[in-house]
Amino acid sequence: MEDHHPPPKRVVVCGGGVIGVCTAYFLSKKGVAVTLVEKSSIACAASGKAAGFLALDWCDGGPLSKLARASFNLHRSLSQELNGPQSYGYRPLTTLSLSITESSSSSSSQEPHKSPSRNLPSWVDGPAKGPRTIGTTETTAQVHPRLFTKTLLSKAVEDHEVEVVIGKVETVEVESGKVRAVVLEDGREIQAEAVVLALGPWTSKLSLLDSIFRVYGLKAHSVVLQPKEPDAITPHALVLSYYSAQGGKPLNPEVHPRSTGEVYLCGMLTEADVPDDPEQVAPNPESIRVLKRVAKNVSSHLEEGEATLKAEQACFLPCTDDSVPVIGQVPGVKGCFVATGHNAWGILNGPATGVAVAELVVDGRASIVDLTPFNPVRFVGGKR
């Protein structure tokens with residue numbers, strides 16, 4: 001059944017990552033007064049350190065299919081609206097899968113890079129084999145995730161007077177089963193008729209939610225390189241099967257050239273405890289070493305000396321126990337909504353999640369996509 005309720009006049013969105021910012025943006029476009037609360041800085045966690053890779057149909061066949069397709073198309077229209085190519089590096093991409101096997105020769109560092117295969121971009125001159133096109137410029141694209149998130153928030157602040165508050169959310173005050181306010185660690189209280197909790201892997205640290213479902217963090221590592229010859233790097237994203245000289249299972253790192261001239265490499269996923277402060281997330285040195293080795297074996301343009309290391313970093317992808325995001329009203333608490341658990345697809349699915357949550361909060365139901373598969377009620381043994 002639909003909730004028929006007067007739309008809220010003031011909404012507090014907790015979390016300054018891509019999901020919180022997209023939600024704040026689309027809520028504010030609906031004429032709601034929005035306060036966005038972020039503990040540290042906008043896009044300081046996964047939303048600033050992700051690949052920013054977008055795929056139309058890679059989630060097909062599962063519960064994310066319609067959300068992902070709607071969101072991919074929204075990214076395209078947002079890019080037209082916000083001058084995405086210039087503002088945040090939006091561009092279509094060709095995506096290839098290929099395999100690389102490290103040489104076990106001790107002189108491998110002195111081995112010359114060979115001429116690239118006919119089916120590979122010219123800059124991929126390492127021992128790569130079996131290239132296969134898995135995404136075209138119609139079905140895969142990219143954004144610079146931090147620039148995308150910040151551009152969207154700037155627009156919401158300028159055009160719709162979204163207020164940004166830096167502070168840690170301590171509790172959500174509930175009175176007679178309905179949201180009343182958000183209380184910050186320093187005692188500040190922000191009154192609200194609705195609250196959206198978009199805290200990524202920090203969601204489970206709120207006592208209101210930790211008894212309903214678990215969000216855990218998968219730690220992902222990345223490096224950002226600036227090649228000396230950025231114009232040589234074509235817009236091809238690479239998904240690798242990478243065989244180490246030491247043997248063992250292949251790794252699956254990814255290489256994402258950006259329109260800024262940088263090249264982003266990511267991979268090396270491990271489950272780890274999420275620290276209280278996003279600024280305390282530090283990369284594992286061994287994971288970074290492996291990614292640098294991957295870079296060198298992909299392309300001579302990415303070797304030390306040919307490229308400057310701009311960042312070595314880690315972030316936590318928010319995951320749920322059933323690998324499906326949690327989007328909907330918190331069971332038993334009117335006016336309290338949650339949007340988290342997007343795993344590796346947060347940047348892709350940010351826009352459609354933002355629209356859906358804005359519709360749910362203001363209209364009582366989402367029309368852009370059916371949110372039933374994402375409803376948190378699934379964790380309390382009932383179905384709506």
Side-chain angles (χ1 to χ4, degrees), residues 50-55 58 89-105 107-145 220-269 287-312 344:
F53 179 73
L54 313 174
W58 288 23
Y90 176 89
R91 65 174 178 180
L93 285 172
T94 299
T95 306
L96 305 174
S97 76
L98 48 92
S99 70
I100 287 184
T101 304
E102 276 185 358
S103 164
S104 53
S105 148
S107 63
S108 61
S109 57
Q110 276 79 50
E111 281 180 20
H113 280 74
K114 57 179 188 177
S115 301
S117 124
R118 205 160 39 91
N119 302 324
L120 283 166
S122 57
W123 56 277
V124 181
D125 53 7
K129 288 190 179 130
R132 198 163 55 87
T133 301
I134 55 175
T136 68
T137 51
E138 291 301 306
T139 62
T140 53
Q142 72 180 155
V143 297
H144 187 301
H221 292 78
S222 55
V223 294
V224 181
L225 301 167
Q226 180 72 49
K228 279 183 184 169
E229 297 177 56
D231 293 346
I233 313 290
T234 55
H236 288 82
L238 311 177
V239 177
L240 306 180
S241 294
Y242 189 89
Y243 296 85
S244 162
Q246 280 78 49
K249 284 185 184 167
L251 304 172
N252 300 109
E254 297 177 12
V255 183
H256 297 273
R258 289 176 169 165
S259 63
T260 52
E262 299 170 347
V263 178
Y264 170 99
L265 283 91
C266 63
M268 313 303 292
L269 296 169
S287 298
I288 297 298
R289 267 196 295 278
V290 171
L291 287 175
K292 289 177 182 172
R293 212 163 71 231
V294 170
K296 182 184 85 166
N297 279 301
V298 167
S299 173
S300 58
H301 292 274
L302 304 179
E303 288 180 338
E304 211 173 318
E306 291 302 310
T308 308
L309 180 69
K310 289 189 77 178
E312 43 186 66

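Since we're looking at a predicted model, the values are computed, not measured. Computed from heavy atoms alone, side chains included, the values below leave out hydrogens, waters and symmetry copies.
Judged as a salt bridge (charged side-chain N to carboxylate O under 4.0 Å, His left out), and not counting sequence neighbours, the contacts of Arg289 are Glu286. Every ring-ring contact (aromatic ring centres under 6.0 Å, His included) that His256 has, sequence neighbours left out, goes to Phe53. Applying the side-chain contact (heavy atoms from CB on, under 4.5 Å) rule to Thr137 yields the partners Pro92, Thr94; only residues at least two apart in sequence or on another chain are considered. The side-chain hydrogen bond (donor to acceptor under 3.5 Å, both in side chains) test applied to Gln246 returns Ser244, not counting sequence neighbours. Listed by chain and number, the residues in a side-chain contact (heavy atoms from CB on, under 4.5 Å) with Leu309 are Val223, Leu225, Lys292, Glu312 (sequence neighbours excluded). When the side-chain hydrogen bond (donor to acceptor under 3.5 Å, both in side chains) test is applied to Thr140, the partners found at least two apart in sequence or on another chain are Thr95. Scored by the salt bridge (charged side-chain N to carboxylate O under 4.0 Å, His left out) test, Glu262 finds Arg258, Lys310 as partners (sequence neighbours excluded).
Counting heavy atoms from C-beta on, the side chains of Leu291 and Pro253 come closer than 4.5 Å. By the 4.5 Å heavy-atom criterion applied to side chains, Arg91 and Pro257 are counted as neighbours. Counting heavy atoms from C-beta outward, Pro127 and Thr101 have side chains that stay 4.5 Å or more apart.
Between Ser222 and Cys266, the shortest heavy-atom distance links the atoms CB-CB, 3.9 Å. Smallest separation of non-hydrogen atoms from Gly89 and Ser259: CA-OG, 3.4 Å. Nearest heavy-atom pair, Leu302 versus Ala295, reported as atom, atom and distance to 0.1 Å: CB-O, 3.6 Å. Of all the heavy atoms in Pro227 and Gly261, the pair that sits closest is CD-O, 3.2 Å. Smallest separation of non-hydrogen atoms from Pro131 and Leu98: CA-CB, 4.1 Å. Residue Trp58 comes nearest to Ile134 through the heavy atom pair NE1-O, 3.4 Å, listed as atom of the first residue, atom of the second, then distance.
Taking NZ of Lys129 as the start and OG of Ser99 as the end, the distance is 7.0 Å to the nearest 0.5 Å. Between Gln142 atom CD and Tyr264 atom OH the span is 11.5 Å, to the nearest 0.5 Å. A distance of 10.0 Å separates CG in Leu93 from OG1 in Thr139, rounded to the nearest 0.5 Å.
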Working note: Val298 + Tyr242, criterion side-chain contact (heavy atoms from CB on, under 4.5 Å); need CA distance, chi angles, decisive distance, verdict.
CA-CA 10 Å; Val298 167; Tyr242 189 89; 5.7 Å; no
Apply side-chain contact (heavy atoms from CB on, under 4.5 Å) to the pair Val124 and Ser299, showing each step before the final yes or no.
CA-CA 5 Å; Val124 181; Ser299 173; 5.7 Å; no
What's the verdict on side-chain contact (heavy atoms from CB on, under 4.5 Å) for Glu303 and Lys296, showing C-alpha distance, side-chain angles and the deciding distance?
CA-CA 5 Å; Glu303 288 180 338; Lys296 182 184 85 166; 3.5 Å; yes
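The salt bridge (charged side-chain N to carboxylate O under 4.0 Å, His left out) pairs that include a residue from residues 221-249 number zero, where partners must be two or more places apart or lie in different chains. Applying the salt bridge (charged side-chain N to carboxylate O under 4.0 Å, His left out) test to residues at least two apart or on different chains, the pairs with a partner in residues 92-103 are Glu102-Arg293.
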Let me check something: any side-chain donor-acceptor pairs from residues 232-241 under 3.5 Å, sequence neighbours excluded? List them with distances.
residue : atom : partner : partner atom : Å
Thr234  : OG1  : Trp123  : NE1          : 2.8
Thr234  : OG1  : His236  : ND1          : 2.7

